[in-house]
Amino acid sequence: MVQIKRAPLKLRIKPKPSEPEEQIIDDATDPLARQRRFLAREDKKSKKLGLVFADAFIRGMREIGYKNPAWALAELIDNSFQAGADTVDIRMKDVDWKMERSPPSQVAIIDNGIGMLSKMISHSVRWGGTDRENDRQGFGRYGYGLPSAAVSLAKSYSVYSKTEGKKWYVVHVDLEALGNAAGDDDRVDELLAPQLAELPLWLNSADGKLDVTEFGSGTIVVLETLDRLKTMGGWISGKSLKVKLLQHFGVIYRNTLQDKKIFIAGDATEIIDPLFLLPDARYGDETDVRSKQIKTAAFETVGAFGKGVVRIRAAVLPPNFQLADPNEYGKKGAKTGRRWDIMKTYNGILVCRAGRQIDVVSPEWTKFQNYDANIKIEIDFDPALDEFFGLTTSKQQIVIDEKMWEKLKVSGRDSGGIQALVKDMRGEFKRMKSVLDACKPTSEYKDRSRPSASAMQAAQKFKARASLSPQKRAQAEKALHEYAWAMANARKISIELAEASAKKETNARLFDLEFAAVEEAPFFQAKRLGLQKRLTINTAHPFYEKVYQRSGEAQAGLEVLLFVLADAELDAENEREAFYRTERKNWSEGLSHALEELLNDDAMSDRAAADAESG
């Protein structure tokens, strides 16, 4: 029998078809339909995935969330200064400066730093393309600044750069072209390849402060298609953009501008110090009222990247500091000056990194009210301590961690003592306010008696007359004579004329009220000036701020109450007089402690905001 050799059976298993995505992509009942549509689009591209989807990433980076154009452009200025530039010149193209609403067609940021090698320009326009990765010495760390800032304002831009002895090279960035080339690495490299360049003619003009035709080295970033800037209200026109950049950069770079320069459309950026302490800073001499420096301190601590120093500056701005005319303090409707915009904008604890302004924060243990705009605290930390301050990639927000907050809060050798500092500064502001208020309340009644004084004088007919002892009469005449001497010196008149005027004044007003700030003194005092009984309310005592100033229509009633007590004390003799003086001291101490418990600083309302705005 012939044996037939059979070939082994090959099982032909029909491949299982892939999920019929195309058939169910538009199925409204399919919860995965959105995913299927996305995968179908990506599969058609036949490209490797990589780490990110480039087109979506670019769109997302356009929305990185800069607070305003100044913060975006600050990223480019940071790069310039870190590249060794001592001058940054920002120019605007096609602005008609005679027109209020003339927008720039392009904006150029020019620096005279060391420049970039041609290949480095290509890296610099890519996110993360930096030679300073995780640098702890200067402004930059992540390599996000240039591309993030540029695309937040423009959909096309160019970076020109040259190193010493070399020619200009340029990389043109067009987001639409890059989006179309998404996933094609070769095409992206081609689009971002550096090319020999001639600078645009408008940059070769003499309009700016840096002559690019004489450059040995430097970098120029030109924002060309400003599609995002055109949508930002208040920043669109060249004039408004210039004014706002000058102000923002004056604050952000207040410490850097002491030895470097930033020009905006031909004008130099002036230092603006929110503490108003730096010499020659803008608005510092707006009036004769000056900022009072409270503390300059520093402490060293160790972070993951080595030792670093935290420096603290503080200042109290007097209550009339923000007024256009400080002499109008207390006057209803008094106008604020240009200082006030800075004060209210930067209300809180200002945080700087290596001298560069980053953010304004508030601690958990206190709330900065409107009237706290007159107390200023600045924290400046070394880049080695970044981990403690939660610096974001856009360098415009700080999130201080709990350990650092504790070091900043408590007092001690290696701490900031800010909690006690804030309390002391608020106390100093209140003291300053009390001194100014001491002169304020009487102006309303300069030519007539206060209602409370008139009421006391009218009520004298119901009171049994008390005989005045010779000793008290002599004390009253002596006090009147001293008052006349003070009047003579203040008005530059003879003592004879002053005594006649003082006698006429006190005889006409048998009761009168004045205000004075006297630390550690009772909440009111009383004295005789000839025939007059004078009540003095102490503006340095908590009673004045926490009761008297808040009493509204009841204020005259409070004055009458104090007048009655003062009247009884001034008429008292011997033991009764001693009783009143002793008890007045005890009343004042008890009142002070009780008011502090009843109305502590943290629980106080924002009532004093009006004082901060209008004096």
Side-chain angles (χ1 to χ4, degrees), residues 64-82 85 88 90 109 137-142 145 148-149 243-262 264 268-284 291 293 296 298 308-315 317 338-339 341-363 368 372-373 375-386 388-400 404 408 416 418:
I64 193 170
Y66 288 106
K67 296 174 185 176
N68 56 51
W71 287 99
L73 294 177
E75 296 266 37
L76 306 181
I77 294 174
D78 289 347
N79 290 344
S80 296
F81 288 150
Q82 193 148 6
V88 175
I90 296 180
I109 299 87
Q137 301 300 317
F139 295 106
R141 275 180 55 192
Y142 303 107
S148 295
V243 169
K244 291 184 177 183
L245 291 182
L246 285 170
Q247 179 145 316
H248 277 77
F249 292 158
V251 174
I252 294 173
Y253 296 103
R254 58 182 174 272
N255 297 300
T256 309
L257 287 172
Q258 296 181 59
D259 56 10
K260 298 182 186 296
K261 297 177 181 179
I262 301 173
I264 314 292
T269 301
E270 297 180 63
I271 294 170
I272 300 177
D273 181 12
L275 279 69
F276 298 92
L277 291 173
L278 295 176
D280 302 321
R282 196 176 181 189
Y283 309 133
S291 173
Q293 184 164 339
T296 300
V309 177
V310 178
R311 302 165 188 83
I312 299 171
R313 282 198 311 155
L317 313 179
R338 291 170 296 178
R339 290 170 167 177
D341 287 337
I342 304 299
M343 292 168 63
K344 67 181 179 180
T345 300
Y346 301 96
N347 186 17
I349 296 177
L350 294 86
V351 184
C352 299
R353 177 184 185 264
R356 195 263 212 201
Q357 173 83 32
I358 302 292
D359 201 2
V360 181
V361 301
S362 291
F368 277 77
D372 283 322
I375 70 170
K376 298 297 180 189
I377 298 175
E378 175 193 274
I379 296 171
D380 184 14
F381 67 93
D382 287 343
L385 304 179
D386 278 352
F388 294 120
F389 290 89
L391 181 68
T392 61
T393 55
S394 60
K395 298 198 290 291
Q396 59 180 351
Q397 186 177 9
I398 289 289
V399 181
I400 302 177
M404 179 53 68
L408 290 168
I418 289 181

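Owing to the predicted nature of the structure, the values given are computational and were not obtained by experimental measurement.
In summary, the side chains of Tyr253 and Asp78 do present a donor paired with an acceptor at a separation below 3.5 Å, with no hydrogens or angles considered. For the residue pair Tyr346 and Gln357, no side-chain donor N or O sits within less than 3.5 Å of a side-chain acceptor on the partner.
Put simply, the side chain of Asp273 gets close to the backbone of Leu278: a donor and an acceptor are under 3.5 Å apart. The main-chain N or O of Met343 is found under 3.5 Å from a side-chain atom of Lys376 such that the two form a donor-acceptor pair. Between the side chain of Asp380 and the backbone N or O of Ala354, at least one donor-acceptor pair lies under 3.5 Å. Judged by distance alone, with hydrogens and angles left aside, the side-chain atoms of Arg356 form no donor-acceptor pair with the main-chain N or O of Arg353 at under 3.5 Å. Listed for the Ser362 side chain is no donor-acceptor partner under 3.5 Å among the backbone atoms of Phe368. A donor-acceptor distance shorter than 3.5 angstrom exists from the side chain of Asn68 to the backbone of Trp71, with no hydrogens or angles considered. Using a distance-only test at 3.5 Å, with no hydrogens or angles considered, a donor-acceptor pair links the side chain of Thr269 to the main chain of Ile262.
When all heavy atoms are compared, the tightest approach of Tyr66 to Ala149 is OH-N, 3.6 Å. Closest non-hydrogen pair, Leu317 versus Ala373, comes out as CD1-O, 4.0 Å. Here the closest non-hydrogen pair linking Ala315 and Leu275 is CB-O, 3.7 Å.
Taking the ring pair (Phe, Tyr, Trp, His ring centres under 6.0 Å) definition, one finds that Phe381 meets it with Phe389, sequence neighbours left out. The side chain to side chain donor-acceptor pair (under 3.5 Å) search around Gln293 returns Thr296, not counting sequence neighbours. Judged as a side chain to side chain donor-acceptor pair (under 3.5 Å), and not counting sequence neighbours, Arg282 has no contacts. In terms of the side chain to side chain donor-acceptor pair (under 3.5 Å) criterion, residue partners of Arg339 (sequence neighbours excluded) are, by chain and number, Thr287. For Asp359, the salt bridge (charged side-chain N to carboxylate O under 4.0 Å, His left out) partners at least two apart in sequence or on another chain are Lys67. For Asp341, there are no side chain to side chain donor-acceptor pair (under 3.5 Å) partners at least two apart in sequence or on another chain.
With rounding to the nearest 0.5 angstrom, the CD1 atom of Ile358 is 13.0 Å from the CD1 atom of Ile379. Atoms CG and CD1, from Leu257 and Ile272 in turn, are 9.5 Å apart once rounded to the nearest 0.5 Å. Atom CD1 of residue Ile90 and atom CD1 of residue Ile264 lie 3.5 Å apart, to the nearest 0.5 angstrom.
Looking at heavy atoms from C-beta onward, Glu270 lies out of side-chain contact with Asp280 at the 4.5 angstrom threshold. Looking at heavy atoms from C-beta onward, His248 lies out of side-chain contact with Val251 at the 4.5 angstrom threshold. Side-chain contact check for Val360 versus Asn347: every heavy-atom pair is 4.5 Å or farther apart. Side-chain contact between Glu378 and Leu277 is absent, with no heavy atoms from C-beta onward closer than 4.5 Å. Within the 4.5 Å cutoff, the side chain of Ile418 has no heavy atoms near those of the Pro363 side chain.
No more than 12 heavy atoms of other residues, nucleotides or ligands shown are found within 6.0 angstrom of NZ on Lys261. Counted within 6.0 Å of CG on Asp259, heavy atoms from surrounding residues, nucleotides or ligands total more than 12; the atom is thus considered enclosed.
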Side chain to side chain contact (heavy atoms under 4.5 Å, CB included) between Ile342 and Phe276, intermediate numbers included: CA-CA 10 Å; Ile342 304 299; Phe276 298 92; 4.1 Å; yes

Verdict with supporting geometry, Leu73 and Phe249, side chain to side chain contact (heavy atoms under 4.5 Å, CB included): CA-CA 9 Å; Leu73 294 177; Phe249 292 158; 3.9 Å; yes

